[in-house]
Amino acid sequence: MNFTKRTKTCGELNITGKGEYITLNGWVTKIRDLGGLLFIDLRDRYGLTQLKINPENKSIYETAMTLGNEYVISASGTVIERESKNMNIPTGEIEIDVDKLEILNKSDVPPFNIEEEVKASEELRLQYRYMDLRRKTMLKNIILRNEVYHIVHNYFKDLEFVEVETPVLMKSTPEGARDFLVPSRIHKGKFYALPQSPQTYKQILMIAGLDRYVQICKCFRDEDLRADRQPEFTQIDVEMSFIKQDDVFDISEGLFKRIWKEIKNIDIITPFRKLTYDDAILLYGTDKPDLRIEKISEIHLITEIVKDSEFKVFQDAVKKNGIIAAIKLDRIIDNKNKKIEITRKITDNLTEYVKQLGFGGIGYMKIGVNGEVSSPIAKYLSQENITELLGEFNAEEGDTIFILSGEYMKVQTALGNLRNKIAADFNLINESRYEFLWITDFPLFKYNEETGGFEGEHHVFTIPRNEHLKYLDSSNRNEIESIRAICYDLVLNGNEIGSGSIRIHIPEIQNKVFKIIGLTDEEAKSKFGFLLNAFKYGAPPHGGVAFGFDRIVAVLCGVKSIREVIAFPKTVSASSLMDDSPDIVEEKQLKELGIKLEKK
RNA sequence: GGAGCCGUAGUUCAGUUUGGUUAGAACGCCUGACUGUCACUCAGGAGGUCGCGAGUUCGAGUCUCGUCGGUUCCGCCA
């Protein structure tokens, strides 16, 4: 098709171009018909420019009158200064006095308006994603994503990392998430799996001597979705040889420093804070604490203080080897500077919340003037205990202490959830901060009560801490559970954005780990034989990390869901509303693959 | 697999608590008027499988059950 090609974009013209004859191509965003004089906002990726159509030019005017929103047009004319300027937009001092107008394509009436603040439901936005992506907000997210992409590539290139593409069709492995499977036509009855991550390949690249590997790659996990989890997602995958944990931290921190500097012009402080997994659970009840939370204390164990109370719930907890722990909420004020009273309604609501987490209820203690407390459980406590408790928290008038009791892990995680909930309910998250935090020394194994066996907490190639190597020969559950790994997560604002470990490169240690998780030699050989073989031929000490690219971009864009930074995301039921996938396939295709469907 | 919330005009929502006349509003769309708008304004108009299916009832957008879709969370998952 013949059309007049643009000489400028809709974002670049300003008063300095006055008098220039130009052509714009773009989408009709808004038509303002003043009865005679006609104004058209023309939009492209770069911005918005106002076209002026004068009724004196009859043929152009008539064409313009047939336009609708989202028509694609070519408009030529002279850049002129506006009679009344709009200083809210960059091009607001000028307009185009159009003397040539071509309709390049019509548009149906759009299902929703293309505007910055979208009003359409997410369902509709996903169905018409090409319309949604025309919105400035989405365009900004996608472009910012691309900028981060370049920063990552450049950063690692500067450090002499080698980008290597790894296969998308690979062998299914039993560990970790459920695999997406791809049937093989040539080998009927056999399947490839899509990679959950290129884990084994990147380790083999280390054995191959690549030394420093990076890849921004797609990963696939067939598990249920969340706001921050898609079945296919993007990872910054990194692996290095002859390094220790601190080297991984240095390289990673440098990356984030550069991203934040270039995208946000913010100098983030490195090195990042570090917390062991055990401390994170002890202090925050989660392995991904949000350090932006203000006015809520860390978790304090108060078993020693209240264990002799008359309160039966506490006594039960102590009897069952459990604990009693608490958090303190500072006196808080609303945006009108008025103190927020912790009312019965609020405590009832929190009680309801902890009941869902499997507790009978929550103990609370409101601190009044002169250390007087109002609390349903105060009557079970001696004055000394109360004083001691207030001292433990440095509690002052207006503060509230929330107490839970029971099994250690259950209490800690519940208090961790409670911190998040209270912070969200009362707006206690400081949104202006970026809080990076390394969580280190994760347990190597997790005991599975159902199967009565151990499972890998991270992945099976993670090396134990030196001082715990001896427990690999143990058969004592406590000893095995106490093994900590050289394994780390990077947490940003309460989101897990990265995870990695130093790997096992010595076959003897690897075999012991396999043994503990109940993998026989034969199974290990059939599942990971290629990797174990490779280890026999001089595997260097190595380790790495992988970052969740979508989550990082989501934080940078200030959005809650990674769907906002993915061009074509899936819904929570893992379908694509735009192209209606997954979908049934033809009988012929199944036959070729030797697949028969079970009747429902 | 489980729990919560949502589903009404092209779109966003009100109406559902307490079943009852013709299901409303805004934006968008169509027609007309208007030569400096930029959320243009003004006048008029069209537009509804109340997600779908059963049930209760004289009567269901409204109550009950089921089902489908979206979303948040738990389980699951780095």
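This structure is a prediction, so every number in the text was calculated from the model and none was measured. Letters A, B, ... are given to chains in the order of the sequence lines, protein chains preceding strands, and every chain is numbered from 1.
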Undergrad: Does A:Arg551 reach a base, just sugar-phosphate, or nothing at all? Heavy atoms under 4.0 Å.
TA: nothing

Undergrad: What's the gap between B:G7 and B:U12 when it is taken at their P atoms, as a whole Å value?
TA: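 B:G7 and B:U12 have their P atoms separated by 11 Å.
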
Undergrad: Could you tell me which residues satisfy side chain to side chain donor-acceptor pair (under 3.5 Å) with A:Glu95, sequence neighbours excluded, listed by chain and number?
TA: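 With neighbours one apart ignored, the set is A:Gln50.
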
Undergrad: Is it the case that the base of B:G36 and the side chain of A:Glu95 share a donor-acceptor contact (distance under 3.5 Å, atom types as modelled)?
TA: yes

Undergrad: Quick one: look up who B:U67 pairs with, Watson-Crick or G-U, both distances under 3.5 Å, and put none if it's unpaired.
TA: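 Because both required distances fall under 3.5 Å, B:U67 counts as paired with B:G51.
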
Undergrad: Ignoring backbone atoms, test whether A:Arg229 places a side-chain nitrogen or oxygen under 4.0 Å from the OP1 or OP2 oxygen of B:C74.
TA: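 Answer is no, no contact under 4.0 Å.
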
Undergrad: When the P atoms of B:G51 and B:U11 are compared, how many Å lie between them, rounded to an integer?
TA: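 Each nucleotide's P atom is 13 Å from the other's.
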
Undergrad: Could you pull out all residues at least two apart from A:Lys106 that satisfy side chain to side chain donor-acceptor pair (under 3.5 Å)?
TA: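 Counting only residues at least two positions away or on another chain, A:Lys106 forms no side chain to side chain donor-acceptor pair (under 3.5 Å).
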
Undergrad: Nearest whole angstrom, please: distance from the P of B:U71 to the CG of A:Asp228.
TA: 14 Å

Undergrad: Do A:Arg221 and B:C77 have a side chain to base donor-acceptor pair shorter than 3.5 Å?
TA: no

Undergrad: Is the positively charged end of A:Lys171 above the ring of A:Phe528, judged by distance under 6.0 angstrom from the centroid and angle within 45° of the axis?
TA: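 The answer is no; the distance or angle limit is not met.
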
Undergrad: Just say parallel, tilted or perpendicular for the rings of A:Phe272 and A:Phe436, cut-offs at 30° and 60°.
TA: parallel

Undergrad: Would the distance check show the side chain of A:Arg221 and the main-chain N or O of A:Arg178 forming a donor-acceptor pair, the cut-off being under 3.5 Å?
TA: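 Judged by distance alone, no pair lies under 3.5 Å.
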
Undergrad: What integer distance in Å separates A:Asn417:CG from B:U72:C1'?
TA: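 To the nearest whole Å, that distance equals 14 Å.
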
Undergrad: So what does A:Gly176 hit on the nucleic acid, given a heavy-atom distance under 4.0 Å: a base, only sugar-phosphate, or nothing?
TA: sugar-phosphate

Undergrad: Within less than 4.0 Å of OP1 or OP2 of B:G70, is there a side-chain N or O belonging to A:Ser575?
TA: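 Checking A:Ser575 against B:G70: at least one side-chain N or O falls below 4.0 Å of OP1 or OP2.
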
Undergrad: Could you tell me the separation between the CD atom of A:Gln127 and the P atom of B:U71, rounded to a whole number of Å?
TA: 13 Å

Undergrad: In whole Å, what separates the P atom of B:A3 from that of B:G15?
TA: 27 Å

Undergrad: Please enumerate all protein N or O atoms sitting under 3.5 Å from an N or O of nucleotides 43-47 of chain B, with distances to 0.1 Å.
TA:
none

Undergrad: Check the distance between B:C40's P and A:Ile31's CD1 and give it to me in whole angstrom.
TA: 11 Å

Undergrad: So A:Tyr447 and A:Ile480, side-chain contact (heavy atoms from CB on, under 4.5 Å) or not? Walk me through it.
TA: CA-CA 9 Å; A:Tyr447 188 74; A:Ile480 293 174; over 6 Å; no

Undergrad: Give a yes/no answer on whether the side chain of A:Arg125 brings an N or O atom under 4.0 Å of OP1 or OP2 in B:U11.
TA: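 False: A:Arg125 side-chain N/O out of range (4.0 Å or more) of B:U11 OP1/OP2.
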
Undergrad: Which is true for A:Lys421 with a 4.0 Å heavy-atom rule: it touches a base, it touches only sugar-phosphate, or it touches nothing?
TA: nothing

Undergrad: Taking the side chain of A:Arg226 as its heavy atoms from C-beta onward, which of B:U72, B:A78, B:C74 lies nearest to it?
TA: B:C74

Undergrad: Quick check on B:U12: is either OP1 or OP2 less than 4.0 Å from any side-chain nitrogen or oxygen of A:Ser121?
TA: yes

Undergrad: Could you tell me whether A:Lys288 and A:Glu496 have a side-chain N and a carboxylate O separated by less than 4.0 Å?
TA: no

Undergrad: Atom CG of A:Asp425 to atom P of B:U72: distance rounded to whole Å?
TA: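 Distance, rounded to whole Å: 18 Å.
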
Undergrad: Rounded to the Å, how far apart are A:Tyr353 OH and B:A3 P?
TA: 18 Å

Undergrad: On the nucleotide B:G70, are OP1 or OP2 found under 4.0 Å from the side-chain N or O atoms that A:Thr571 carries?
TA: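 Yes, A:Thr571 has a side-chain N/O under 4.0 Å of OP1/OP2 on B:G70.
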
Undergrad: Is it the case that the side chain of A:Glu93 and the backbone of A:Glu81 share a donor-acceptor pair, with hydrogens and angles ignored and the cut-off at 3.5 Å?
TA: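 Absent.
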
Undergrad: Is the phosphate of B:G70, meaning OP1 or OP2, less than 4.0 Å from a side-chain N or O of A:Ser573?
TA: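 Answer is yes, contact under 4.0 Å.
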
Undergrad: Return no unless some side-chain N or O of A:Arg32 is found under 4.0 Å from OP1 or OP2 of B:C40.
TA: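 For A:Arg32, the contact criterion (side-chain N or O under 4.0 Å from OP1 or OP2 of B:C40) is met.
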
Undergrad: For A:Glu122, answer base if it contacts any base atom (sugar-phosphate contacts may also be present), sugar-phosphate if it contacts only those atoms, and nothing otherwise; contact means non-hydrogen atoms under 4.0 Å.
TA: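 Sugar-phosphate: the residue A:Glu122, judged by heavy atoms under 4.0 Å, touches backbone atoms but no base.
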
Undergrad: Would you mind pulling out the nucleotide paired to B:C29, Watson-Crick or G-U wobble, both distances under 3.5 Å?
TA: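 Per the H-bond distance test, B:G45.
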
Undergrad: When we call it a touch if two heavy atoms are under 4.0 Å apart, what does A:Phe39 touch: a base, just sugar-phosphate, or nothing?
TA: base

Undergrad: Assign A:Gln50 to base, sugar-phosphate, or nothing according to its heavy-atom contacts below 4.0 angstrom with the strands shown.
TA: base

Undergrad: In whole angstrom, give me the gap between the C1' atoms of B:G24 and B:G48.
TA: 12 Å

Undergrad: Under 3.5 Å, is there a donor-acceptor pair between the side chain of A:Asp44 and the main chain of A:Tyr46?
TA: yes

Undergrad: Which is true for A:Glu117 with a 4.0 Å heavy-atom rule: it touches a base, it touches only sugar-phosphate, or it touches nothing?
TA: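 The answer is nothing, as A:Glu117 stays clear of every strand by at least 4.0 Å.
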
Undergrad: Any base atoms under 4.0 Å from A:Leu225, or only sugar-phosphate, or nothing? Heavy atoms, all strands.
TA: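 No contact.
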
Undergrad: Please answer whether the main-chain N or O of A:Glu481 pairs with a side-chain N or O of A:Arg484 as donor and acceptor at a distance below 3.5 Å.
TA: yes

Undergrad: For the P atoms, the ones on B:U18 and on B:U64, what distance do you get once it is rounded to whole angstrom?
TA: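 Result for the P pair: 10 Å, nearest Å.
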
Undergrad: Go through the steps for A:Glu123 and A:Leu577 under the test side-chain contact (heavy atoms from CB on, under 4.5 Å), then give the verdict.
TA: CA-CA 8 Å; A:Glu123 195 172 351; A:Leu577 298 178; 3.8 Å; yes

Undergrad: Determine the contact category for A:Arg178: base if any of its heavy atoms lies under 4.0 Å from a base atom, sugar-phosphate if only primed atoms, P, OP1 or OP2 are that close, otherwise nothing.
TA: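 No contact.
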
Undergrad: For B:U8 versus B:U16, give the span between their C1' atoms, rounded off to a whole number of Å.
TA: 11 Å

Undergrad: Does A:Leu577 or A:Glu56 map to a spot on RNA chain B nearer the 5' end, using the closest nucleotide for each?
TA: A:Glu56

Undergrad: What is the distance, rounded to the nearest whole Å, between atom CG of A:Asp33 and atom C1' of B:U37?
TA: 10 Å

Undergrad: Rounding to an integer number of Å, can you tell me how far A:Asn86 CG sits from B:C40 P?
TA: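 Roughly 11 Å, once rounded to whole Å.
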
Undergrad: Would you say a side-chain N or O of A:Gln196 is under 4.0 Å from OP1 or OP2 of B:A78?
TA: yes

Undergrad: Determine the interatomic distance between C1' on B:U67 and the same-named atom on B:U21; round to the nearest Å.
TA: 33 Å

Undergrad: Would you measure the distance from the C1' atom in B:U22 across to the matching atom in B:C5 and give it in whole Å?
TA: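 32 Å, rounded to whole Å.
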
Undergrad: For A:Ser76, what residues pass the side chain to side chain donor-acceptor pair (under 3.5 Å) criterion, not counting sequence neighbours?
TA: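 So A:Ser76 forms a side chain to side chain donor-acceptor pair (under 3.5 Å) with A:Thr23.
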
Undergrad: Assess A:Lys119 against A:Phe112: is NZ or CZ under 6.0 Å from the centre of the six-membered ring, and within 45 degrees of the ring's axis?
TA: no

Undergrad: Could you run down the sub-3.5 Å N/O contacts of the protein with nucleotides 23-30 of chain B?
TA:
residue : atom : partner : partner atom : Å
B:G28   : OP1  : A:Lys30 : NZ           : 3.4

Undergrad: Closest-nucleotide mapping onto RNA chain B: is A:Gly35 or A:Glu223 further toward the 5' terminus? I mean the 5' end.
TA: A:Gly35

Undergrad: Return the nucleotide paired to B:A23: Watson-Crick means purine N1 to pyrimidine N3 with N6-O4 or O6-N4, wobble means G-U with N1-O2 and O6-N3, both under 3.5 Å.
TA: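 The base-pairing partner of B:A23, which may sit in any strand shown, does not exist here.
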
Undergrad: If the condition is side chain to side chain donor-acceptor pair (under 3.5 Å), which residues does A:Thr440 pass it with, not counting sequence neighbours?
TA: none

